[in-house]
Each structure stands twice: as C-alpha cells, then as structure tokens.
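The next block holds one structure in the form of structure tokens; read it before the comments.
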Amino acid sequence: MPYRIAVVVPTPAHSTIGGTLTYLSELPLPPGTLVRVPLGSREVLGVVWDDESATLPERDGVETRPIAGSLSGIAPLARQWRQLVTFSANYYQRSVGEVALAGLPPQLRDLDAQQLARRLKRSVAETADAALATPLSLTSEQSGALATIETERGPFLLFGATGSGKTEVYLQAVQRMLQREPQAQALVMVPEINLTPQLQERFVARFGAGNVVAMNSGMTPAQRLRSWLAAHGGAARIVLGTRMAVFASIPHLRLIVVDEEHDPSYKQQEGARYSARDLAVYRAQLEGAKVLLGSATPSLESWQSSEKGRYRRVLMASRVGSAASGEGSFPTVRLVDMNLQPKNTVFSPQLLDAIQKRIALGEQSLVFLNRRGYAPVLACTACDWKSECPNCSAYRVFHKIDRSLRCHHCGYTERVPRACPECGNVDIAPVGRGTERLEEHLGDLLADVKQANGEPVRIARMDADSTRLKGALEQQLASMHAGDVDVLVGTQMVTKGHDFRRITLVAALNPDSALFSSDFRAPERLFGLLMQAAGRAGRDAAQAGASEMWVQTGHPKHPLFTNLRRHDYPAFAAQQLKEREQAGMPPFGFQALLRAEARTQEAAQAFLKAASAAAQELEGADRVTIYSAVPMSVQRVANIERAQMLVESASRTALQRFLAAWQPVLQATREKGLIRWAVDVDPLVI
Ligand code: ADP
Ligand code: ZN
Ligand code: ZN
C-alpha cells in the first residue's frame with residue numbers, strides 16, 4: 001500500500017495558512033524531500049512537509065493522486081529550514097506553500113531530472129584558488145569586539161561608527177568559526193545588490209572563490225541554482241546575499257551577519273512582507289547559530305533591544321587609523337541656515353566656496369538630493385496644467401536627458417509635449433529639482449572653476465537612472481575611486497556603504513521635509529542617512545580631521561541636527577525612543593496594516609470597514625486597536641485605488657493572535673470591485 005504524504009505546494013497567497021495537500025508515494029519520503037506533484041492540470045514543485053506523513057486520514061470524496069516524482073539527488077531540506085518557513089508564513093500572514101517555494105531557486109521547478117543531475121555534477125567541480133589575502137591586524141577595538149563575539153552568545157549589535165572597520169570584524173568572525181568547525185557555514189547579508197560586488201570581492205580574496213557564493217535577485221536563474229546547490233550541499237562555506245538569502249538552505253549554519261541592519265531594504269515590500277533582519281535573529285536562535293547585527297545607526301528596534309539587554313551591544317567608536325591622526329576623526333558638521341539666504345537658493349555661497357576649495361586641493365565632494373530626474377513636476381505658466389499621471393494620483397517626473405515625462409509609480413512615459421496640452425502655451429517650465437537638474441546647475445555654477453592642473457571641473461551623477469545599464473554602476477564607482485570625478489551628485493544611493501577614499505566633503509541640500517513628516521520613522525531615517533552620508537567623508541585617516549559634512553536647512557536648531565553635529569547617535573536614539581514610548585509606537589507598540597486595492601476608493605474602504613466590523617466579534621479583539629480606513633498617501637497607482645487600516649497592540653503576542661483569528665474572516669469577506677488585499681506585519685512605512 002502506498003504511503004500518504006503531506007506536501008506544501010505553491011498555493012495562492014491567502015489559501016489556508018499551514019495547509020498541505022495529500023499525495024500518494026510508493027516509497028516513504030522524509031519531510032523536506034523535494035517532489036514534483038500534480039496540481040490541477042499542472043505539475044509543480046513541492047516539499048514534503050512534517051509529521052502527518054503516512055498517517056493522514058483518507059478524506060471522503062477527495063481523490064488522492066500520486067506524486068509525479070522526487071528530486072532524489074537533492075538532500076531533504078532540514079527541519080530548521082522548514083520551521084523557519086512555517087514561522088515566517090504564520091508571522092507574516094501568508095501561506096506556507098508561498099513562502100517555501102519563494103525560498104527555493106526558480107530553476108528547481110523548471111529543470112527536468114536529467115538537467116538537474118547535470119547541474120548537480122557541475123556544482124561540485126572544484127575551483128582552484130589563488131593565493132588568499134591575509135587578515136589585517138586588528139585595532140584594539142576590533143579585537144575587543146571579536147573577543148566578545150567569540151565568548152558570548154549574543155545576539156550581538158555591533159554598534160560601530162562609519163569607518164570603524166566592521167567588515168574586518170565580520171571577516172575574522174567568519175574565519176574563526178570556519179576554522180573551528182570543519183563543516184560550519186556562514187550567512188552574510190547586505191541591504192543592496194549594489195553593495196554585494198565589493199563585499200564579495202573581499203570575501204573571495206580572503207576565503208577563495210570556491211567557498212563563497214552570492215544570492216540576490218540580480219543573478220540569472222542558472223547562477224541562483226548553482227549558488228543554492230552549493231550552499232545546500234555544504235560546499236559553499238559562506239553565503240553572501242540580500243534579504244532573500246535569509247531563506248537559503250544552509251544546513252550547517254553557525255553564524256549570521258546582517259550588515260547595515262537598520263536599512264529599510266531588509267523589509268520585503270510585496271508578497272510575504274518579511275523583515276530579513278528579524279528573521280535572521282529568529283533563524284539564528286533556531287539553528288543554534290550566532291547572529292551579528294552591524295550598524296553605525298542601528299534601527300531603534302535593535303537599539304532598544306540592546307538597551308534592555310536582549311541584544312549584547314558591542315561598541316567600536318572610532319575610525320580605523322584615527323589614533324594616528326588624533327582627535328576629530330569624524331567630519332565637522334556645518335549647518336547653513338537657509339532662512340538667511342535669498343529665497344530659492346540651491347547652493348549657499350558658503351557651500352559653493354567650500355566645494356571649490358576641495359576642488360583646488362584635488363579632493364572629491366559628494367552632494368546628495370533624494371530625488372532623481374530633472375524636476376518632479378512640469379507646469380504651464382499660463383494655465384494650471386501640471387504633468388499629472390493619468391493613471392496615478394502623482395505627478396510625472398521630467399527627465400531632460402531623453403525629454404520624457406515618467407511616472408515613478410506606474411512607469412507611464414511620454415515625450416514632453418511641445419506646448420501645454422490644455423491651453424497651447426509653449427512656455428511650460430520645470431518646478432522643483434532632482435539630481436539631473438542639480439548636476440546641470442552645478443555645472444553652470446562651476447563653469448569657470450578649474451582643477452589644480454588647469455583642466456575643467458568634472459561633475460558626475462549617480463542615481464537609479466545613471467546606473468540602469470548593466471556595468472554602469474561598476475564603471476561609475478571605479479571612476480570615483482580612481483579620482484576621475486571632482487563632484488559627485490546623487491541620490492541616497494551614493495551615501496550607502498561605499499568606501500570612497502578621496503571624498504572630504506559631503507553636502508545634504510534639502511533634508512527638511514523629513515523633520516515634519518507624518519511618518520513617525522522619518523526622523524530616524526534622516527538621521528541614519530545623514531550619519532551614513534557623513535561616513536563617506538574623510539575615510540582616509542590622513543584627511544579625516546579636515547573633512548566636512550554640510551547640511552542646508554531652514555531649521556538649524558532642530559534637536560536632530562544638534563545630535564548630528566556631535567555625531568551622537570545614542571542621544572538621538574534616546575530622544576526618539578522617549579517620544580515613541582509616550583505615543584506607544586514601535587518598539588513599544590506593535591503594528592500591522594491591512595491594505596486593500598480596488599477599482600474605486602469606496603470599494604477598497606468598504607472592504608476594510610467590513611473587516612473592521614467583523615473583527616469586533618473575535619476573541620482578543622479587545623487587546624488591539626483598529627483605526628479608521630484611510631486612502632494611502634499615493635492613493636491611486638496604475639488606475640487602482642488603494643486604502644489601508646492600521647491595527648495596533650501593546651503586545652506582539654496579542655497582535656499575532658488577533659491576526660491569526662482575523663485571517664479566515666478576511667478570506668471570507670467579499671466586496672464588489674475589490675482586487676486584492678494584504679496584511680503587512682511590522683510595516684516600515686505607514
Ligand atoms: P565600516 O564598515 O565600519 O564603515 P570598513 O569596514 O569599510 O568600515 O573599514 C573602513 C576602512 O578601514 C576600510 O578601508 C578597511 O579596509 C580599513 N580597515 C579596517 N580594519 C583595518 C585594520 N585593522 N587595519 C587597517 N585598515 C583597516
Ligand atoms: Zn496651459
Ligand atoms: Zn503613473
């Protein structure tokens with residue numbers, strides 16, 4: 001008699017959470033085995049799931065079909081991996097099948113048995129390694145940090161200033177662990193694909209190409225499969241990746257590093273909206289591995305955990321080499337009071353002057369503005385036409401380079417009209433500015449300025465537009481490192497992680513909107529951004545003392561800037577946490593959002609209202625607060641209306657219980673015109 005086995009399959013998002021399907025198999029298959037099974041008229045990849053195997057009761061009237069085959073060349077996925085998947089699905093309110101299958105490389109599903117066997121053979125081919133780089137000799141702060149990580153249990157929050165040498169600590173923590181245990185594996189996560197090449201280079205130089213694999217969404221399906229097989233088979237000792245790597249199968253996982261742990265990119269923004277940082281901490285506990293979160297500006301959640309002793313805080317306060325250059329190894333923060341400047345000033349004379357001095361010295365400057373394109377709006381000077389997107393409640397951005405109007409929400413693109421579409425006036429003008437316009441403007445301002453060698457000033461721009469083509473980013477970074485650029489203009493992309501050695505001046509042109517945003521996390525993000533940006537200046541110890549961070553603001557007395565001037569993250573965090581505690585905001589309260597998308601705003605809100613009404617009946621509803629349904633800040637995208645509703649609780653457990661009880665109610669709630677809905681647990685943007 002064949003065995004009855006439980007299998008998770010790629011199920012739609014809201015099918016019953018925890019649900020498995022039953023199949024028949026001639027052989028007993030241990031949980032974690034990858035199988036191919038029929039589902040409707042298709043054949044899909046599935047994973048044999050836990051315990052119920054062979055004991056599943058026969059269900060009346062439901063025909064149980066046999067599996068189509070098993071991927072016998074691949075070892076079953078470990079129990080811990082399955083637990084991670086189950087936990088994530090439950091916590092983030094998605095189906096186990098969706099999370100499980102999203103965590104596997106897509107090619108596993110697409111290749112037949114023969115093709116897979118070939119891949120498996122290829123993946124074990126040894127690569128001959130070049131001579132390995134020797135570890136740096138550590139500073140005393142680095143040794144101290146490493147000793148703590150070696151001897152204590154963690155989780156660790158490595159609170160290390162920009163340039164304090166966190167990467168070297170990661171490298172050596174990994175190295176020691178690998179040396180101690182012959183099979184051990186490590187997972188190292190970074191927030192952005194952009195940051196993987198340079199980190200990969202350092203890990204490969206230290207550990208050899210055969211030991212390191214990358215995992216991110218920029219890789220081809222074939223590359224992803226190869227990395228996955230190498231990690232799953234244990235050949236790859238180190239997995240380097242972005243948030244998706246948290247679901248990699250790493251059977252001998254002993255150490256997880258989350259670099260720049262504060263970065264919002266760790267939160268997945270569609271499907272199962274998981275936080276890879278939070279899951280890393282959970283996974284480490286599950287696997288008995290150590291976890292090391294690193295940042296110069298930790299998330300307030302992690303900081304609070306380190307205040308309470310749940311995380312072990314490890315401090316590295318000074319920059320590498322700062323002892324040699326004496327005090328003041330961080331850039332001096334200079335605030336320009338824009339109230340004292342003529343209205344519409346882009347560059348204050350002080351800042352422009354400072355940039356020119358740097359150019360004369362042959363040093364680099366970095367100017368950042370968080371908006372790409374030429375201008376956020378194009379407007380008619382005669383009537384009130386503006387470059388609104390016909391499909392979204394947003395303006396289309398003017399990109400001068402290809403004279404296009406592009407919607408950054410739905411992608412709708414048109415050529416710039418010759419005349420106003422409403423009144424025919426030919427005088428239509430850009431309003432506001434983005435990086436493209438800033439680059440042009442700076443070019444005008446510095447037109448007569450020369451480098452020390454008499455050559456004209458070289459200005460470059462780096463943002464999502466300039467780096468769209470493959471290889472463009474690498475090329476732009478290389479020219480920065482080579483010193484072929486004097487002033488770099490860019491979005492926040494340029495402020496992250498890069499080890500630019502020649503930058504001595506960083507300027508933030510207009511950061512004020514975040515000071516008064518309705519988003520309670522805006523100040524945290526701004527402070528982090530400015531500290532990170534400041535961290536790009538003076539990374540070469542010889543120049544560190546003379547480097548500067550300029551901020552143009554209309555609110556120079558704002559406490560955020562006072563703390564920025566002192567490079568005092570702890571003071572900033574203390575002030576923010578006090579406000580959050582008073583307001584019951586995270587990390588003192590817990591939140592989830594219910595989002596709905598529909599053909600009309602009324603339908604979206606009607607669904608939320610019905611969900612809210614039904615919730616009142618549920619057990620545990622008294623421990624959560626459900627707010628009113630409201631339109632999202634960008635209310636309409638691609639002709640779909642969007643609304644959301646906040647749910648809050650003082651207890652994470654109470655919120656989780658409530659959400660679990662609410663889920664079937666939401667699934668049963670019907671609303672005409674509703675397109676989709678989703679729950680976002682621990683949302684980052686509200
Ligand atoms: P962080 O990530 O903390 O901002 P990095 O890891 O990028 O800092 O290190 C800053 C710079 O200091 C890098 O160029 C790195 O190579 C260098 N560095 C780190 N540790 C040492 C050390 N022990 N001796 C010499 N240089 C070091
Ligand atoms: Zn007009
Ligand atoms: Zn649009």
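In each ligand, atom 1 is the first atom listed, and ligand 1 is the first ligand listed.
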* side-chain hydrogen bond (donor to acceptor under 3.5 Å, both in side chains) between Arg358 and Thr504: does it pass, once the steps are laid out? -> CA-CA 7 Å; Arg358 299 291 166 177; Thr504 54; 3.2 Å; yes

Does [Y] offer a backbone N or O that forms a donor-acceptor pair with the side chain of [X] under 3.5 Å?
X	Y	result
Asp259	Val190	no
Gln601	Arg642	yes
Glu152	Arg312	no
Tyr170	Leu292	no
Arg396	Tyr412	no
Arg458	Gly483	yes
Ser387	Leu378	yes

* Are any of the side-chain nitrogens in Lys386 or Glu422 under 4.0 Å away from the carboxylate oxygens of its partner? ->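 Looking at Lys386 and Glu422, the cut-off is not met.
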
Non-hydrogen atom of [X] closer than 4.0 Å to ligand 1:
X	result
Gly160	no
Arg501	yes
Ala296	no

* Gln198 and Arg202: side-chain hydrogen bond (donor to acceptor under 3.5 Å, both in side chains), yes or no, with the steps? -> CA-CA 7 Å; Gln198 52 174 354; Arg202 288 187 69 178; over 6 Å; no

* Quick one: does Leu293's side chain get under 4.5 Å of Val281's, heavy atoms only? ->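 SC-SC contact between Leu293 and Val281 confirmed.
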
* Does Met493 reach the side chain of Arg372, with side-chain heavy atoms less than 4.5 Å apart? ->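 Met493 vs Arg372: side chains apart.
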
* Between Ser299 and Glu261, does a side-chain hydrogen bond (donor to acceptor under 3.5 Å, both in side chains) hold up when you go through it step by step? -> CA-CA 7 Å; Ser299 62; Glu261 67 88 32; 3.3 Å; yes

[X] heavy atoms, cut-off 4.0 Å: which ligand 1 atoms fall inside?
X	value
Ser137	22 (C), 23 (N), 24 (N)
Leu138	23 (N)
Ala161	3 (O)
Thr162	4 (O)

* To do: Determine whether the side chain, the backbone, both or neither of Arg319 has a heavy atom under 4.0 Å from any heavy atom of ligand 1.
  =>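 No part of Arg319 comes within reach of ligand 1.
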
* Which one holds for Val320 and ligand 1: side chain close, backbone close, both close, or neither close, with close meaning a heavy atom under 4.0 Å? ->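 The part of Val320 near ligand 1 is the side chain, not the backbone.
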
* Count, waters excluded, of protein N, O or S atoms under 2.8 Å from the Zn ion (ligand 3) ->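 Under the 2.8 Å cut-off, the count stands at 4.
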
* **Evaluation steps, side chain to side chain contact (heavy atoms under 4.5 Å, CB included), between Val333 and His567** => CA-CA 9 Å; Val333 175; His567 303 277; 4.0 Å; yes

* Please name the pair of heavy atoms, one in Val685 and one in Arg595, separated by the smallest distance, quoted to 0.1 Å. =>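 Here Val685 and Arg595 meet closest at O-NH2, 3.5 Å.
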
* To do: Counting heavy atoms only, name the option from Arg202, Glu141, Gln172 that's nearest to atom 15 (C) of ligand 1.
  =>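 Residue with the shortest heavy-atom distance to the ligand atom: Arg202.
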
* Gln142 N/O under 3.5 Å from ligand 1 N/O ->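 Yes - when backbone and side-chain N and O of Gln142 are compared with those of ligand 1, one distance drops under 3.5 Å.
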
* Quick one: how many protein N/O/S atoms are under 2.8 Å away from the Zn ion (ligand 2)? ->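 My tally for this metal is 4.
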
